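To keep things clear, I will list the structure first and then write my remarks on it.
Keep in mind that the numbers below use all heavy atoms, side chains included, and drop hydrogens, waters and symmetry copies. In listed order, ligands and their atoms are each counted from 1. In this text, all values refer to a predicted model and were calculated from it rather than measured experimentally.
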Amino acid sequence: MGYVRWLGHSSFEVQVSGKKILIDPWLTNPQSVAKPEDFADVDYVIVTHDHGDHLGEAVEVMRKSRAKFVGIYELATWVAEQGIGQDRVVGGNIGGPMKLDGIEVMLTPATHSASRGYPAGVLILSDEANIYHAGDTGLSAEMALLGELYRIDVGLIPIGGHFTMDPLQAAKAVEMLKPRTVIPMHYGTFPVLYGRPEDFKRLVEEKGLDTRVVILRPGEKLEF
Ligand code: NI
Ligand code: MN
């Protein structure tokens, strides 16, 4: 049985096809319910870009586990250099599906910024479910391509505004991505993130799509 568990902000623990994955492990976020030492058994740590609210405690989790790090090439190289070692990182690039043990991971375009490499979202493909984490991004027409080519079971979409899409734009992204279930993220953490999940839910529902909106509380899981 797989699940997606929200750890606050853009941080998620995912279990799919028997693999445990941490995405954007900023575990010291104000809403966090978890610590780096909780993830000694994690298989993959995936980071969308190197802003502090996404890279978070990734290196610490890597030190306390036997996980492999997956991210954009330049960021993966930097993580390797933090005493982790090249054999524990998988560097990729936008749009290139990477065949890993039991799952496939693709970094997707994100309209944003980063210091190392390039910002990304991530699409996890597996026998059990396909999960899309948009990272930090503005609204982009490229999302329609993902929605056409892949069946997205669970979409994790930023809605806070200011640095990313707000609820109006995020609802448009859902129209293009066509996920079966969508979970809002990247809201409520800082005062500047004004987007509210209730507004996002209403705007998606007004479109009459075949998508269920699930608002999680930090620590809460969606099972599939
Ligand atoms: Ni960012
Ligand atoms: Mn961010």
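Metal site remark for the Mn ion (ligand 2): His54 contributes an N, O or S atom at a distance under 2.8 Å. Residue contacts to the Ni ion (ligand 1): His49 brings an N, O or S atom closer than 2.8 Å. At a threshold of 2.8 Å, the Mn ion (ligand 2) has no backbone or side-chain N, O or S atom of His51 nearer than that distance.
Note on ring orientation: taking the six-membered ring where Trp is involved, the planes of His54 and His186 are parallel (angle under 30°, cut-offs 30° and 60°).
Cation-pi geometry between Lys221 and Tyr3 is satisfied (NZ or CZ under 6.0 Å from the ring centre, within 45° of the ring normal).
With hydrogens and angles left out, the side-chain atoms of His49 and Asp24 include no donor and acceptor closer than 3.5 Å.
Counting heavy atoms from C-beta outward, Leu7 and Trp26 have side chains that stay 4.5 Å or more apart. Between Tyr132 and Val154 there is no side-chain heavy-atom pair separated by less than 4.5 Å.
Its N, O or S atom nearest to the Ni ion (ligand 1) is what matters here, and for His51 that atom is ND1. The atom name of the N/O/S atom in Asp136 closest to the Ni ion (ligand 1) is OD2. Counting just the N/O/S atoms of Asp136, the one with the shortest distance to the Mn ion (ligand 2) is named OD2. Checked against the Mn ion (ligand 2), the N, O or S atom of Asp53 at the shortest distance is OD2.
If you look at His162 and Tyr187, their ring centroids are not closer than 6.0 Å.
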